[in-house]
> 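Here you go, one structure.
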Amino acid sequence: MKKLPGITILNDGKIKFGNKEVSRVMIENDDLFEKGYQTLTQNMPSKPLDKIQVLKNYSKNKLLKNIEDSESIALNLTLKKDAKGKWFGNILLASTSYKENRHQGKLNMMNFTKRKKVYFLFNANNLGLNEMKGVDYLISPGSENDVENVGTNINTLSTVNLHQKNFQFDDRRTNFNNDRLLSVNYIYNFKTDWKLKFVTIFNGTENRNYISSYYKFNFDGLSFINNEDKTWKQNNRNIVGKLELSKDFKNNSNVQFYNKISSLNEKNNNIFIFNQQLNNQIGKNELFANENRLTYTKKIDSSKAWVTVARYIFQNRPYHFTEENNVFSSILNIPEAQKISQSIDSRMNFGGVKISYLKKYSEEHFLELQLGDEFRKDKLHSNLQALNADSQTIYFDRSGFVNHTDYLLNTVFGQLKYGKKSKRWNYGFTVLNQMIYSDLNNNKETGFYVSPSANISYQSIKAGNFSINAGRKFSTISINDVYTNYIYQGNRNFRQNHTEFTVLPDYNAGLSYTIGEKMSQYLDFNINFIRSEDYLSNHMIVNPNYTFNQTILVKNNSNLSSNLELRKYLKFVKSRLSILGSYLFSDYENSVNNQPLIKTQFTNWKTGFEMKSGWTRFINYELGYEWTFNKIYSPVNSNSYMDQKGFFNLYLTMGTQFKIESFVEYYKFGNTGQKTTQFWDVKANYILKKYNMNVFIQGNNLLNSDSIRRYSISNISESLYTQRLIPRHLVLGVNKNF
């Protein structure tokens, strides 16, 4: 796919066609993987493939094709005739030396016919590879904003997070892991126009993360430094099963039902050293979720259709954890208080129904009407205890650390969406009307809200394409923003809320402009502005031994962001040069230690370049460099720093059988006094055509960088984080296609 014009493969395996991300990758017009298609595209052998079709304006529901106003892009893989109905796939085995004891095993098996499609995957590794990327979409509730879905802001319940992962690098740098993944995908098309789709996964992961931090606080006469060493260890077991049934009727209608059951079991065993004092944290949490959806579509004629959808979701997530520290000895002035034990029970029920009417007046002229109701009820109960060194309860007034919160939201809504396109001009608008009823611990409120938005665009080969959009929207706050007493978040941090139920309004406006062809000469620029009338901020009560975070409601926050990309193909070096830039400005207000609100401004400016060769010779390259300038300003503290990163990739093709790939990365974070970090990875791959297999040797982190440091600032503090890296290792492997 990388060789196809207009196709870009992102680092996580997602695919872009032009500027848009591909939403589906199908096989012979059947969608096995939905949003997790990287499982297929990263593992399926290419030999059985005949063609790759790009489907623009793709509609998942074939009855809505040419009626629904869709801008989605999908890919359809077609197979060679001699590959249909046969089992094929690959097996991969890789290992380091006995001393390092790192390994990977992977088995892909698949069989595709017109009626039946089967895909089987088993993967196990402790090389730092994240095996969940292709199946993550099965864990969380689907939130696609289309006519076949209701409920777009539903996430997996999460009250506290007892594990910290790295978000700066690929997992292969910092993910000390031991993972196993088993997945089975199955589709059967019955002769009676019924379709059965079944997906199941079993995933067991062990993840360890090692971080040291230096935290310096300085505000209003209070100054202190904390040094911490943290070992985060988590064991997860995920089991997910999804069953989908659909039926096409002869009267141009269809019905679809799916049921998904998810089970998560998570255990944490963390070791914290706070200013040379040992603190252990042991915790567990579970998640059970059940999701059901029923959709009925009726195509009236070639230009009109009705869609009705009903959905129900249940989630239950209990937590329990114990942490050894002396926080409560300071809070309660009781020296015997040496441990904290906390239990949390959170539950959610969601039900929604929506009816949509779609009308296509012409190829470029459409109308969409929606009417629906969404009901959500959350319960959050928490209980906290202080214990002595022998785990015996210490009695104190716990009323400020116990929560019993019931939160109900019911939203009746109607939406009008209209669009019209001509040869050069496109315009459209949306009006969403909402009647929101809330009940927070028997405090009831009702309000009516109108959210309009509009867009207009112009397309011209000579002048380029520009688009302007503007809108106003209202969003509600979650159960985690309304509980009123403290919940211990772990790691010496407590959180509560000083907010009642509220609806948060904001304005947004944006402009984008593109001109040229991506493969030769191209300019892409966009700028977006968001103004929040009310937003959630925090008031911090900071002590050298602990922090109380209180959510508060603050008025007027602005965010401005822009991006620039300029591409030019340089004939004299047969390479494509890209100039990249971005700008982010944000202002916000918060409060510390009962002092007045502090107004803070943050700016982030990036500039850089990338070059990529287009040679057909045995050697090709990619290189790039980026500078990021960060600045924070407030009346109490101002600071700035610069981050840098670069890369240089070299690809050597020595005949049709032997390839060498070299990857160099360079990082420098924070102020100029911070050390630099370099990575060098090399992979050599030899293809044995006779045996339909390839043998490879891969060297990771050959420069043996042992840690990475990251510097960050706020209006009251500065922090330096040091994270341990997976050491240098060589992997020898074989990949056999069959």
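Counting from 1, the numbers follow the sequence of the chain as shown.
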> Using a 6.0 Å distance limit plus a 45 degree cone around the ring axis, check whether K14 lies over the aromatic ring of Y37.
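K14 over Y37 ring: yes.
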> Can you confirm if the aromatic rings of F33 and Y119 lie within a centre distance of less than 6.0 Å?
yes
> Can you name the residues that form a salt bridge (Lys or Arg N to Asp or Glu O under 4.0 Å) with R180, not counting sequence neighbours?
none
> Between Y721, F272, F176, which is the residue that forms a ring-ring contact (aromatic ring centres under 6.0 Å, His included) with Y210?
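Of the listed options, the one satisfying the test is F176.
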> Measure the spacing between CE of M611 and OG of S575 and express it to the nearest 0.5 Å.
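The CE atom of M611 sits 4.5 Å away from the OG atom of S575.
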> Identify the two heavy atoms, one from I687 and one from T656, that lie closest to each other, and give their separation to 0.1 Å.
CD1-O, 3.9 Å
> With distance as the sole test, does N701 use its side chain to make a donor-acceptor pair with the main-chain N or O of L725 at under 3.5 Å?
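Checked: no pair found.
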> Side chain to side chain donor-acceptor pair (under 3.5 Å), that's the test. Do R728 and S705 meet it? Break it down for me.
CA-CA 8 Å; R728 175 175 52 215; S705 297; over 6 Å; no
> What verdict does the side-chain contact (heavy atoms from CB on, under 4.5 Å) test give for E266 and Q234, after you've listed the backbone C-alpha separation in whole Å, the side-chain angles of each residue and the deciding distance to 0.1 Å?
CA-CA 7 Å; E266 177 183 307; Q234 180 187 74; 3.1 Å; yes
> Which atom names give the shortest non-hydrogen contact between N559 and S586, and what distance separates them?
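Heavy atoms of N559 and S586 come nearest at OD1-OG, 2.9 Å.
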> Whether the N268 and N270 side chains hold a donor-acceptor pair (N or O, under 3.5 Å, no angle test) is what I'd like checked.
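No donor-acceptor contact under 3.5 Å links the two side chains.
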> Where is the tightest heavy-atom contact between L32 and V199, given as atom of each residue plus distance?
O-CG2, 4.3 Å
> I need the L564 CG to S578 OG distance, nearest 0.5 Å.
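Output value for this atom pair is 10.5 Å.
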> When you look at OH of Y215, are more than 12 heavy atoms from neighbouring residues, nucleotides or ligands closer to it than 6.0 Å?
yes
> Quick one: pull up CG in L523 and OG1 in T514 and give me the separation to the nearest 0.5 Å.
8.0 Å
> So, taking the atom named OH in Y667 and the one named OG1 in T677, what distance separates them when rounded to the nearest 0.5 Å?
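Going from OH on Y667 over to OG1 on T677, the span is 9.5 Å.
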> For residues W605 and F629, establish whether the separation of their ring centroids is below 6.0 Å.
yes
> Is a side-chain donor-acceptor pair under 3.5 Å present for K736 with N692?
no
> Do F198 and T200 have side-chain heavy atoms sitting under 4.5 Å apart?
yes
> Determine, stepwise, if the pair E517 / Y522 fulfils side-chain contact (heavy atoms from CB on, under 4.5 Å).
CA-CA 5 Å; E517 293 291 335; Y522 178 75; over 6 Å; no
> Keeping S23 on the side-chain end and I73 on the backbone end, is there a donor-acceptor pair under 3.5 Å?
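Yes, because the side chain of S23 sits within donor-acceptor range (under 3.5 Å) of the backbone of I73.
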> Do Q164 and N161 touch side chain to side chain, with heavy atoms closer than 4.5 Å?
no
> Please give me the minimum heavy-atom distance between S262 and V240, naming the atom from each residue.
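Shortest heavy-atom contact: OG-CG1, 3.9 Å.
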> CG/D229 to CD1/I211 distance, rounded to the nearest 0.5 angstrom?
10.5 Å
> Ignoring hydrogens, what is the shortest heavy-atom contact between M110 and P45? Give both atom names and the distance.
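Between these two residues, the closest heavy atoms are CE-CD, 4.2 Å.
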> Please tell me whether N29 and N76 have a donor and an acceptor in their side chains that are separated by less than 3.5 angstrom.
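A donor-acceptor contact under 3.5 Å links the two side chains.
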> For Q698 and N700, test the side chains for any donor-to-acceptor distance below 3.5 angstrom and give the result as yes or no.
yes
> Between NZ of K51 and CG of L75, what distance do you get to the nearest 0.5 Å?
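These two atoms lie 14.0 Å from each other.
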> After noting the C-alpha distance and the side-chain angles of N226 and N275, does the key distance pass the side chain to side chain donor-acceptor pair (under 3.5 Å) rule?
CA-CA 6 Å; N226 286 331; N275 292 335; 3.0 Å; yes
> Taking it one step at a time, do E610 and L580 satisfy side-chain contact (heavy atoms from CB on, under 4.5 Å)?
CA-CA 8 Å; E610 291 182 3; L580 306 172; 3.7 Å; yes
> Salt bridge (Lys or Arg N to Asp or Glu O under 4.0 Å) with E28: which of K80, K116, K117, K84?
K84
> Using the ring-ring contact (aromatic ring centres under 6.0 Å, His included) rule, pick out the option among W627, F669, Y711 that qualifies with Y641.
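Only one option passes, and that is Y711.
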> Do F112 and L79 come within less than 4.5 Å of each other through their side chains, counting heavy atoms only?
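The answer is yes, as the side chains (C-beta and beyond) meet within the 4.5 Å cut-off.
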> Does N620 reach the main-chain N or O of W615 with its side chain, forming a donor-acceptor pair under 3.5 Å?
yes
> side-chain contact (heavy atoms from CB on, under 4.5 Å) for L688 and V695? Distances and angles first, verdict last.
CA-CA 8 Å; L688 300 169; V695 179; 4.1 Å; yes
> Between N125 and D179, do the side chains contain an N or O donor and an N or O acceptor separated by less than 3.5 Å?
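Distance-only check fails for N125 and D179.
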> Hey, are H163 and N207 close enough side-chain-wise for a donor-acceptor pair under 3.5 Å?
yes
> Find out whether the Lys NZ or Arg CZ of K683 is both under 6.0 angstrom from the six-membered ring centre of F696 and within 45° of the ring's axis.
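Geometry flag: set, cation within 6.0 Å and 45°.
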> Is a donor from one side chain sitting under 3.5 angstrom from an acceptor on the other, for N685 and N694?
yes
> Of all heavy-atom pairs between L129 and R172, which one has the smallest distance, and what is that distance?
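Reported closest heavy-atom pair: CD2-CB, 4.4 Å.
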> Partners of E100 by salt bridge (Lys or Arg N to Asp or Glu O under 4.0 Å), sequence neighbours excluded?
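If we apply the salt bridge (Lys or Arg N to Asp or Glu O under 4.0 Å) test to E100, skipping adjacent residues, there are no hits.
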